[in-house]
**Student:** 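Quick one: the structure is below, and I'll ask about it shortly.
Below, read A as the first sequence line, B as the second, and so on, with proteins coming before strands; counting in each chain starts at 1. All figures in this text were calculated on a predicted structure; none of them were measured in a lab.
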Amino acid sequence: MDPERLVEALVFASAEPVPAAAVARVLPGDVDADAVLVAVQARYAGRGVELVQVADGWQFRTAPDVAPLLLQVVPRPRRLPRAAMEALAVVAYHQPATRTEIEAVRGATLSQATMDALLEAGLIEPKGRRETPGRPTLWGTTDAFLAQFGLRSLRDLPRRDDLLVERQPTPLV
Amino acid sequence: MDPERLVEALVFASAEPVPAAAVARVLPGDVDADAVLVAVQARYAGRGVELVQVADGWQFRTAPDVAPLLLQVVPRPRRLPRAAMEALAVVAYHQPATRTEIEAVRGATLSQATMDALLEAGLIEPKGRRETPGRPTLWGTTDAFLAQFGLRSLRDLPRRDDLLVERQPTPLV
Amino acid sequence: MSDEPRALLKLDGFEGPMDLLLDLARGQRVDLARISILDLVEQYLAVVDQALRVRLELAADWLVMAAWLAWLKSRLLAPAPEGAAEPEAVEVAEALAARLDALEHVQRAARWLGARPQLGQEVFPRGCPEDLVEMDRSGLAADLPQLVRAYMAAVRRGSSGQAYVPPSPRLWTVAEATARLTRMLGGPLGRTLGAGWVALERFLPHVAGDPAQRRAALASTLLAGLELARSGHADLRQDAPFGPVLVRSVLVQGGQDGP
């Protein structure tokens with residue numbers, strides 16, 4: 001059996017990212033799962049459906065440029081509002097973080113609606129408590145967060161400096 | 001936009017089979033939906049995933065020859081209901097025993113469903129009849145019973161006397 | 001004065017005082033590390049002042065920030081004497097600049113995330129995943145400890161004092177039916193009926209839902225009727241096959257007119 005066909009079928013069947021280890025399990029011992037995955041990825045490059053590496057796994061996804069036409073047919077949930085995106089960014093960079101810490105960085109209170117939106121979308125999850133008075137809950141991002149934004153790991157987040165340099169410093173007059 | 005890419009993505013992302021008419025609605029007016037579908041089908045022919053036409057539309061599916069190789073069989077052993085477990089235990093210790101005798105030891109009636117469950121699991125079997133009025137069937141345990149409970153023979157069952165300490169009358173305080 | 005509506009409008013769009021400060025800092029068009037905190041304070045106070053002139057109520061955090069910035073401004077202009085207990089105004093200003101820098105980073109990170117193709121927004125996963133897992137339910141989860149516990153539980157219940165009686169369905173016997181039929185034909189019902197024919201079904205005992213018990217009662221009552229007819233105590237009649245069986249008391253006709 002052609003290993004590419006096996007891998008293609010296995011990853012295609014799942015709506016979730018499939019870990020490379022799970023791919024390796026269906027292949028004969030002497031076949032390199034990563035090499036096969038990369039070969040399948042190349043085969044689908046530029047097609048309407050692409051193979052991407054996200055959240056410690058591999059997933060077939062529609063190509064981003066097809067979206068406008070797809071959205072006529074496939075339902076799309078509401079986008080996260082700005083407050084939720086910023087709170088999410090704080091958690092992503094400062095995790096694990098308490099609610100108070102998130103509020104401190106943003107300089108604004110975190111509304112219940114924002115917390116609910118992030119929790120319902122499964123983008124953040126409790127990661128224990130901080131051992132300080134009141135034992136506040138610590139929040140961190142989930143694998144669903146990585147999958148949602150097409151990240152392989154938190155290391156794929158741009159470095160702080162890379163985010164800030166895009167701005168050209170205007171010389172003082 | 002390459003119509004094949006669009007159709008590929010549309011069928012991939014849909015939760016239901018996509019009728020050709022729905023494909024046509026997404027494509028520009030002058031593009032023949034059926035022709036595009038057939039072209040995509042040809043592209044996937046022989047791959048791990050195939051585009052197939054089912055009753056109400058088009059759908060991607062794992063290639064029939066690949067599916068069995070990916071099928072993961074997960075053992076999910078059943079538990080015996082409590083009544084069946086007790087009846088089995090009574091048979092084990094009192095065999096050969098009639099149904100009425102099992103009921104007498106348990107102090108509860110034995111439903112036909114419970115008997116059927118034990119018979120189907122191959123744990124008990126008829127061992128002749130008792131020569132009393134009505135000639136009731138005698139039941140005993142099987143070799144499958146021994147295998148299930150890791151016993152070499154019925155003598156390996158814990159001794160009845162070791163299990164049942166004579167109940168002491170509770171001292172009055 | 002033409003600035004007022006614009007200032008108010010702007011205030012409503014901000015996620016709090018820090019957000020406004022950051023926006024004002026960006027307006028200085030300089031590197032965030034080199035912004036003039038003093039200018040920033042002036043601008044913030046001006047915006048809040050304008051907002052207050054148009055509407056009196058303003059969330060507390062805006063006013064707290066305004067008061068704090070006013071303090072910072074005074075300290076920056078007239079530094080506290082050496083050795084004062086208060087923190088150096090310059091250090092406080094630097095801390096504020098650092099907070100603005102952190103917020104700037106978060107807002108950029110949020111925009112970076114927002115610009116990525118999002119699952120369910122710009123990219124979509126397989127809509128109808130296929131289940132490649134099959135459950136094998138043929139095995140049995142049962143071990144010796146469970147068997148032993150079950151045995152002990154069974155024996156304890158069996159010897160718990162309540163004598164076990166196998167249930168026997170309560171069936172209406174022919175003797176009971178005969179007694180009932182005789183009693184009813186000779187009783188008030190029989191006297192009321194006189195010599196009339198009555199459907200045998202009216203002599204059935206009251207039986208709860210169980211069909212087997214109903215059939216048994218019907219059969220016993222029919223046999224009882226035949227028995228009474230044989231001994232000359234009653235007449236039976238059936239006008240058509242499968243029609244109702246009628247019964248008539250001979251006792252009444254025989255002149256035994258009650259006590």
**Student:** Could A/R61 and C/E122 be called an ion pair, given the rule that one side-chain N must be under 4.0 Å from one carboxylate O?
**Tutor:**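 C/E122 and A/R61: not salt-bridged.
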
**Student:** Kindly determine whether A/L157 and C/W112 satisfy side chain to side chain contact (heavy atoms under 4.5 Å, CB included), including the steps that lead there.
**Tutor:** CA-CA 9 Å; A/L157 286 171; C/W112 183 85; 3.8 Å; yes

**Student:** Suppose the criterion is ring pair (Phe, Tyr, Trp, His ring centres under 6.0 Å): which pairs have a residue in residues 79-135 of chain A, not counting sequence neighbours?
**Tutor:**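 Every ring pair (Phe, Tyr, Trp, His ring centres under 6.0 Å) pair that includes a residue of residues 79-135 of chain A, provided the two are not neighbours, is A/Y93-C/H105.
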
**Student:** So C/R116 and A/D156, salt bridge (Lys or Arg N to Asp or Glu O under 4.0 Å) or not? Walk me through it.
**Tutor:** CA-CA 12 Å; C/R116 288 191 66 79; A/D156 276 1; over 6 Å; no

**Student:** Given that the side chain runs from C-beta out, which part of A/A63 has a heavy atom under 4.5 Å from chain C: side chain, backbone, both or neither?
**Tutor:**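 When you check distances to chain C, only backbone atoms of A/A63 fall under 4.5 Å.
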
**Student:** For the interface with chain C, which of A/L71, A/D65, A/V49, A/L10 has the highest count of heavy-atom pairs at distances below 4.5 Å?
**Tutor:**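 Among the listed options, the one with the most contacts to chain C is A/L71.
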
**Student:** Within the structure provided, determine whether C/D101 and A/R160 are in side-chain contact (heavy-atom separation under 4.5 Å).
**Tutor:**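 Yes, their side chains come closer than 4.5 Å.
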
**Student:** Working to the nearest 0.5 Å, report the span between OG1 of A/T62 and CZ of C/R126.
**Tutor:**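 Those atoms lie 13.0 Å apart.
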
**Student:** With a 4.5 angstrom heavy-atom cut-off, could you sort out which part of A/A87 is near chain C: side chain, backbone, both or neither?
**Tutor:**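 No part of A/A87 comes within 4.5 Å of chain C.
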
**Student:** Determine the option with the most heavy-atom pairs under 4.5 angstrom with chain A, choosing from C/M18, C/E130, C/Q121, C/Q107.
**Tutor:**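 Option with the greatest count: C/Q121.
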
**Student:** Please report the interatomic distance CD(A/E86) to CG(C/D19), rounded to the nearest 0.5 Å.
**Tutor:**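 One finds 6.5 Å between CD of A/E86 and CG of C/D19.
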
**Student:** Between A/Q148 and C/Q118, which heavy-atom pair has the shortest distance, and what is it?
**Tutor:**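 For A/Q148 and C/Q118, the tightest heavy-atom pair comes out as NE2-OE1, 2.9 Å.
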
